[in-house]
Amino acid sequence: MTKYIFVTGGVVSSLGKGLTSGAIGALLESHGLKVCLQKFDPYINVDPGTMSPYQHGEVYVTHDGAETDLDLGHYERFTHAELNKHCNYTTGKIYNNVIRRERHGDYLGQTVQVVPHITDEIKDCIQRLAGKEIDVVISEIGGTVGDIESLPFLEAIRQFGHDKGRENVLYVHLTLLPYLRASGEIKTKPTQHSVGTLREIGIIPDVLICRTEKEIGPDVRRKIALFCNVRQEAVFEEKDVDLSIYEVPLILRKQGLDALILDHFQFDPGPGDMDQWINMIEALRNPSAEVEIAVAGKYIELSDSYKSIYEAFTHAGVANRARVRLRKIQAEDLSNGDLDAALGGVHGILVPGGFGERGLLGKIRAAGYARTKRIPFFGICYGMHAAVIEFARNVLDLRDASSTEVSKDTSAPVITLLDEQFQVTDKGGTMRLGAYPCDLLPGSQAAKAYGTARVEERHRHRYEFNNKYRRQFEEGGMIFSGLSPDQRLVEIIEVKDHPWFVACQFHPEFRSRPVEAHPLFRDFVRASLARRTQAPAPA
Ligand code: GLN
C-alpha cells in the first residue's frame, strides 16, 4: 500500500521545500523504495507556462509535456521518478477541473463548495499518483503556512491523513530558525508560531526540518521539540550548505531522517546505499581543472530562470572532474560593441532558450563569435535559432535572414512557425511540448555524445528550422545531425570543421542528473576543457 509524505513550509517562503522534498525522495530511493513526487501551487494560473520568468523562474517541462514549477526539476534530479502532468497542480487547475464538471452537470444540482468539492479534488490529485509500483508519494504544498490561499490544500492533506490512517501519512514541516547577530542567538519563536498555525488547522507535524545558518545545539532542539510537540529526534537541522545543494540528502541522512521515515511507515528495506551519491559529492569537492563558460541569456539577472541549465553544468563538471565557472552575460549587452571585451577568454559559449526580440541580436552575435573564433558553442532552442540566423546572415550571405517570431516579413525566414501552430490562438499549454524522438546522424558530435542512434528529448517551442533552406545550409557547411524520425523537423544542427558547435531545438537540460550528466552538456564541457588547454585565458 502506498504511503504519503506531505511537506509544508512556514515562517518565510523560499526555504528550499522543493530541494528538501527531492532529498527525502533520494533517501527513500537509496533504500530501494519507489517514490513519486508532486507539487501543489496555490496561485490561480493554470500552470506557470504563461508566466514571466521574472515572476516564476524557469518553466520545467515533463516528459509528457506538462509545463510545471521548477521544483519538479529538483525532484527529477534528486530521484529517478519520472514525473508527469499529475505531478503539479495549481489552484487554477484544481478549480478549472471542478468548474468544468459543474458546467457538465456532474454535481447533480448540489451547491459546489471549497469543502468538500475543492478539497476532494485535491485529495484525488494526490491519490492519482499512488499505485502498486509506488511505495511513497511525496507531496509538497507550495506557499507558506498561514497564507489564505494555501488553506484548501492544508485542509485536504489534513483530511487525507484522517482518511488513510496516521500510520500511512507523515507530515514534514520546514521552517526557518533566524539567527540574531546582535544577541548571538538562534530564535525558535517563529517556528513555534508556524507549528501553532498548522495545529489550528488540525495538522500535527511528525518531522520538523529547520533551516538555519548556524548549527543548532541540543538545547535548541529540546526547546523546539517541547514547544512544538514533536519528538526531539524528529527535529532536524538543515544548515546552509557551502558546497552544493546535492549535500542535503547526506546531511539529513546523517541525522537519521531516512531511519525515522522507514520506522514510521514500518518499512524494512535494508541498510541503504548512497555510494554513487557520495562519489558524486567527492568529485564536486575535488575538481582537477576549471573551465569558464559564458551563458548569454535574456533573463540572466535571475538565477532561477536557467535553473536546469546551471544544474546541468554542475553535473557535466562532475562527469569531467572539472569546476565549471559561468560568466553570465545579459544577451542585450552583446547587441553592439566589441565582443572581445565581453566574451574574451571564455572556453565555451552557451545560448539558452528564450522568446521575443530583446536580446536576440546579442545571441546571434555570440553564436557568430563562437563560430568564427572556434570556441565550443552550445545553443538551446532559441539558441539554435540564433545560430541558424547567424549562419544564414554571415555564411550564406542572406543578410535579412531572421525568425518570423520577431520579423514577420523577412525576405529569408530561416526559422518559421511550426505547421501545427498556425491555427493556435490560446497561449497556455499550446506550444510543441514534451518528449519527441530524434534520429542522430552517425559520426556527428551529437551521435558521439549520446552513443546511440535515437534519443528522446523534451521540447517547448512554436518555431522551427525552415526546411526550404536545408540544402543551402548543407552546402554552406551546416550539418543536420538530429532529425525527427519522419525527417521533417530539424532537431540538432552542427557546424562542420569546428571543434564543437552543436545546437538543438529541444531542452537537454531537463534530462541531466547529478550522477548522470546529460551527454551534450558533458561533451560541451569536455570540448571547452580542451579549448582551455589549447588556448589558456590571458592572465
Ligand atoms: N521562441 C522560440 C520558439 O517559440 C524558442 C522557444 C524556446 O527557446 N523555448 O520557438
Side-chain angles (χ1 to χ4, degrees), residues 38-73 83-106 112 118 121-122 124-125 128 142 149 298-299 304-305 308 352-360 380-385 402-410 413 415-436 457-466 484 488-491 505-507 510:
Q38 173 182 54
K39 170 133 193 232
F40 289 104
D41 279 306
Y43 53 76
I44 308 285
N45 306 63
V46 171
D47 61 43
T50 51
M51 290 161 87
S52 155
Y54 289 118
Q55 291 273 316
H56 192 273
E58 165 185 285
V59 174
Y60 190 80
V61 181
T62 58
H63 210 67
D64 66 348
E67 296 177 282
T68 71
D69 184 76
L70 54 78
D71 274 332
L72 274 79
L83 307 180
N84 57 52
K85 59 180 189 296
H86 299 303
C87 297
N88 191 195
Y89 283 97
T90 65
T91 294
K93 194 180 267 179
I94 302 270
Y95 272 76
N96 220 14
N97 291 349
V98 171
I99 291 171
R100 204 175 326 110
R101 283 208 297 277
E102 187 276 331
R103 294 287 83 182
H104 192 244
D106 295 358
V112 180
I118 295 296
E121 176 67 19
I122 295 169
D124 285 347
C125 295
R128 222 163 266 155
E149 53 186 21
K298 177 175 175 182
Y299 312 103
D304 274 359
S305 307
S308 294
F355 296 84
E357 175 86 53
R358 182 168 74 82
L360 180 60
I380 295 178
C381 205
Y382 213 32
M384 181 187 106
H385 297 179
S402 194
S403 163
T404 54
E405 177 172 351
V406 294
S407 173
K408 291 272 170 278
D409 40 33
T410 165
I415 303 290
T416 47
L417 204 58
L418 285 153
D419 287 344
E420 74 236 31
Q421 287 285 329
F422 278 99
Q423 311 302 328
V424 173
T425 50
D426 269 4
K427 292 278 181 271
T430 54
M431 286 189 238
R432 178 174 179 241
L433 288 166
Y436 288 91
E457 293 282 4
R458 303 181 194 175
H459 296 69
R460 182 173 186 252
H461 66 118
R462 296 189 201 279
Y463 295 83
E464 58 158 341
F465 182 86
N466 185 347
S484 58
R488 286 185 42 220
L489 293 178
V490 170
E491 301 282 30
Q505 183 58 77
F506 49 79
H507 290 271
F510 296 142

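A distance of 7.0 Å separates CZ in Arg358 from OH in Tyr299, rounded to the nearest 0.5 Å. For the atom pair CG (Asp124) and CD1 (Ile94), the distance works out to 9.0 Å, reported to the nearest 0.5 Å. To the nearest 0.5 Å, atoms OH (Tyr463) and OG1 (Thr416) are separated by 9.5 Å. Atom-to-atom distance recorded for Leu417:CG and Glu420:CD is 8.5 Å, nearest 0.5 angstrom. To the nearest 0.5 angstrom, Asp69 atom CG is 9.0 Å from Met51 atom CE. A distance of 10.5 Å separates OH of Tyr60 from CG of Leu70, quoted to the nearest 0.5 Å.
Panel note: side chain Ser305, backbone Gly57; no donor-acceptor pair is recorded below 3.5 Å. Not one N or O on the side chain of Lys39 forms a donor-acceptor pair closer than 3.5 Å with the backbone of Gly142. Judged by distance alone, the side chain of Glu149 and the main-chain N or O of Ile44 form no donor-acceptor pair under 3.5 Å. Without hydrogens or angle criteria, Asp47 side chain to Gly49 main chain gives a donor-acceptor distance under 3.5 Å. Judged purely by atom type and a 3.5 angstrom limit, Thr404 has no side-chain atom pairing as donor or acceptor with the backbone of Ser407. Not one N or O on the side chain of Asn84 forms a donor-acceptor pair closer than 3.5 Å with the backbone of Asp64. Side-chain atoms of His104 do not come within 3.5 Å of backbone N or O of Asp106 as any donor-acceptor pair. The main-chain N or O of Val424 is never found under 3.5 Å from a side-chain atom of Thr430 such that the two would form a donor-acceptor pair.
Across all non-hydrogen atoms, the minimal contact from Val59 to Phe510 is O-CZ, 3.5 Å. When all heavy atoms of Gly434 and Tyr436 are compared, the pair lying nearest together is O-CD1, 3.4 Å. The two atoms that bring Ser308 and Glu58 nearest to each other are OG-OE2, 2.6 Å, heavy atoms only. What you find for Glu491 and Ser484 is that their closest heavy atoms are CG-N, 3.8 Å. The minimum heavy-atom distance linking Gly356 with Leu360 is given by the pair O-CB, 4.2 Å.
Contact check for His507 versus Cys381: side-chain heavy atoms found under the 4.5 Å cut-off. At least one side-chain heavy atom of Tyr95 sits under 4.5 Å from a side-chain heavy atom of Ile118. Residues Leu489 and Gln505 have side chains not in contact (no heavy-atom distance under 4.5 Å, counting atoms from C-beta outward). Side-chain contact between Gln38 and Cys125: present, with at least one pair of heavy atoms (C-beta onward) separated by less than 4.5 Å.
No more than 12 heavy atoms of other residues, nucleotides or ligands shown are found within 6.0 angstrom of NZ on Lys427. Within 6.0 Å of atom CD in Gln423, 12 or fewer heavy atoms from other residues, nucleotides or ligands are found, so the atom counts as exposed in its surroundings.
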Requested in this report: Let me see the working for Ser402 and Ile415 under side chain to side chain contact (heavy atoms under 4.5 Å, CB included), right down to the final yes or no.
Outcome: CA-CA 7 Å; Ser402 194; Ile415 303 290; over 6 Å; no

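Remark: the Thr62 side chain and the Arg458 side chain contain no N/O donor-acceptor pair separated by less than 3.5 Å. Under 3.5 Å, the side chains of Asp41 and Asn88 contain a donor-acceptor pair of N or O atoms. Using a 3.5 Å distance cut-off with no hydrogens or angles, the side chains of His56 and Asn45 do not pair a donor with an acceptor.
With respect to Glu405 and Arg462, no salt bridge is recorded, no charged nitrogen being found less than 4.0 Å from a carboxylate O. The existence of a salt bridge linking Asp419 and Arg488 is confirmed by a sub-4.0 Å separation between a basic side-chain nitrogen and an acidic carboxylate oxygen. At a threshold of 4.0 Å, the pair Arg101-Glu121 counts as salt-bridged, since one of the basic side-chain nitrogens sits closer than that to a carboxylate oxygen.
Classification of the Tyr89-Phe40 ring pair by plane angle, with boundaries at 30° and 60°, yields parallel. In this pair, His385 and Tyr382 present their aromatic rings perpendicular. The plane angle is above 60°, beyond the 30 to 60° band.
Tested against Leu433, the residues His461, His459, Glu67 include a single side-chain contact (heavy atoms from CB on, under 4.5 Å) partner, Glu67.
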